[in-house]
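What follows is one structure encoded as structure tokens, with my remarks underneath.
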Amino acid sequence: MCVKILKLGKLRKLEDGRASVEEERGRVKVAQRCMTKANYLTTLSFTRWVKDWANATPLFEQAALNFKLVKMPEEAKLAYQQAAMGQIKQSSPWTAAKHMEAAGVLAKELSCWNEVVDFFKQASALYVECGKVQPGADALIRGARAVQELKPNDALTMYMDACRLLEDDNREQMAFDTYRAASNLYIKLNKYREAAVVLLRWGQAANKCKATQSQCKAYLSAIIVYLYAESYEDALACYNNCASMDVFSKSDQDQCAQLLFLAYREGRANEIKHVISTSTIIPHLDHMIIRLAKQLPQGKVMSQEVPEMDIT
Amino acid sequence: MSVIDILTRVDVLCKKYEKYDLDKQWAGADSMSGNDQFLRLYTVVEADIEAAREKSQDAQSEKNRAVVATLNAEVRRSKAALKAEIPKLEKLAAKKVKDLSKEEMAARPDLVVALAQKIEDIPDGVTVGRPGGTWGRKASNPLEIKLDAMHPDDLMRPEHYEQTEESLALRQEYEMRRAKQDEGLDIIAAGLTTLKDMAGDINEELDKQMPLIDEVDTKVDRAAADLKNTNIRLKETLTKMRSNRNFCIDLILIVLILGIGGTLYTYSFSPFTPSYVCLQPLLMYQQVRSAHMMDGAKPLRRNRGLLFMSGWSSE
């Protein structure tokens, strides 16, 4: 009896498999038909002087959906592109942006990285066009995340554009994750000064929206990055600038920075390591910054002379 | 006045005030035997002991603690000074003196010892009855705490500042407990720092989410208002559609349709309609069959051909 049931189950599965194959074939046919018809409607000819986007766009969308379901990304990408164009022509930038994003995702599957960047940038522009800055920035961030492994420079550009968009719209708080991602990417690429600049920008944005915790953490992270890049003077200048702010000067992060600079001034590597290992502030920073801090001091550590004050 | 007169006057004055000339007296005393020296010193020391005892008694009767402390300090100072004189007395007592009997000579050291004991017996605010215990020596009760128990001589002894076993053990235990406390406090500090950091992050996240929630709230309110308006309009439209007049019209139309249907049905079975002609053989068979059944005969065999023509299904 059980064997019978099992056999029946296998048969049903086989039948289902066969059904799914047939279903897939049906979808492909439908998609191809829709695509052909839509292309026909959007091709100018002697009898058609204006492209019929109103009728072609739903066909393109249907074709794209079907191609996506049967896992034909190339055709689906083209269909989504055409659908987006159709929506733009019909003055619906929101839907067009959605289609561009979908095309971008498919381009990522196909490893067409340039197209990924272009599609996500276009999607962002479309979102901004319909007054939605947050989705526009999110689109840029998603695109940057998709290409950051293979096209890091483009990813960085997209991250910074997203930050700029949010800053212009007074939504700095939503940009914190973007700053973090950008600084981490810079650190990965060993561009420490740029990373420190991004961290300082993060601190500035946090200052604007009164996020004191993030502000102090960002400043301390920038100091650590400068120290890791073996530029003690830049780190000290950064600290002096940050310490002029009450928020930072009264914080635990400032005390930690003071201890660090004291150890650096004395030129004792063991003391620096001890300060970092026993600090209760550094473990709460970002994991990339913690990793850098644990590798301090970098390079030769010499005792730093405190500049004498000229009282004349 | 002549010089002679002046000299005579000076001599008279010097003689008159000779007793105040200490140097002469001392010289006279030195020229005398050592007996007076011992006696003199002994007398002086005894007088000082008496004075110290009086001070001590005053201190015991005094109520004011500050005055008591001052008096006791003076008594202790006097005692220390007197004790310093004891070795001198002992030396002088050992000296041979003219015109002094052997018994008196032998008694002098005892006198000195008695004098020393008298000095020790003067109460000076320190715990009375200490068995010569000084700082650093093992007392009978090691846990007994004594305040102001320091003897001046004890301070000068080199072993005064050395540690005993008890003090070492106490110090070690103190250090151990302090280290444990420090450890515990460090752990608490680390935990508090983590909590502070988490609380700060939560605060920032809430600040970030607040305007978003406000925006969602506004949009939902707007959507709700739109929905309400739409519902009202839909209701109005439905009311219009379902008005009484329309209902009556609908009813009348339904009745009409039913009437027409019924007429058609009746008309279809009248002799003058083609359908009646087609259905006639069937009707005849039915009549024959029912008549035959009433006569009690066997049922006729079914005519499948007729049945097929009429479209009846086989029984």
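Below, chain A is the first sequence line, B the second, and so on; all start at residue 1. Computed from a predicted model, the values in this text were never measured in an experiment.
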Is the number of heavy atoms from other residues, nucleotides or ligands within 6.0 Å of [atom1] ([X]) greater than 12?
| X | atom1 | value |
| --- | --- | --- |
| A:Q204 | CD | no |
| B:K208 | NZ | yes |
| A:N240 | CG | yes |

Honestly, the part of A:T212 sitting under 4.5 Å from a heavy atom of chain B is backbone
Between A:D252 and B:K196 the two heavy atoms that sit nearest each other are OD2-NZ, 2.6 Å
Mind running side chain to side chain contact (heavy atoms under 4.5 Å, CB included) on B:L212 and A:M174 for me, showing each step along the way? CA-CA 10 Å; B:L212 297 175; A:M174 311 306 293; 3.8 Å; yes
Subject >> Close side-chain approach of B:D201 to A:K217, heavy-atom, < 4.5 Å >> reply: yes
| query | Do B:D197 and A:Q213 touch side chain to side chain, with heavy atoms closer than 4.5 Å? | reply |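 Answer yes - side chains close enough.
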Review point. What is the distance from atom NE2 of A:H284 to atom OG1 of B:T194, rounded to the nearest 0.5 Å?
Key: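 Those atoms lie 3.5 Å apart.
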Next item on the list: Enter the distance from A:T280:OG1 to B:D186:CG here, rounded to the nearest 0.5 Å.
Entry: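 These two atoms lie 9.5 Å from each other.
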Worksheet item: Is any NZ, NE, NH1 or NH2 atom of the basic residue among A:R171 and B:E215 found under 4.0 Å from an Asp or Glu carboxylate oxygen of the other?
Response: yes
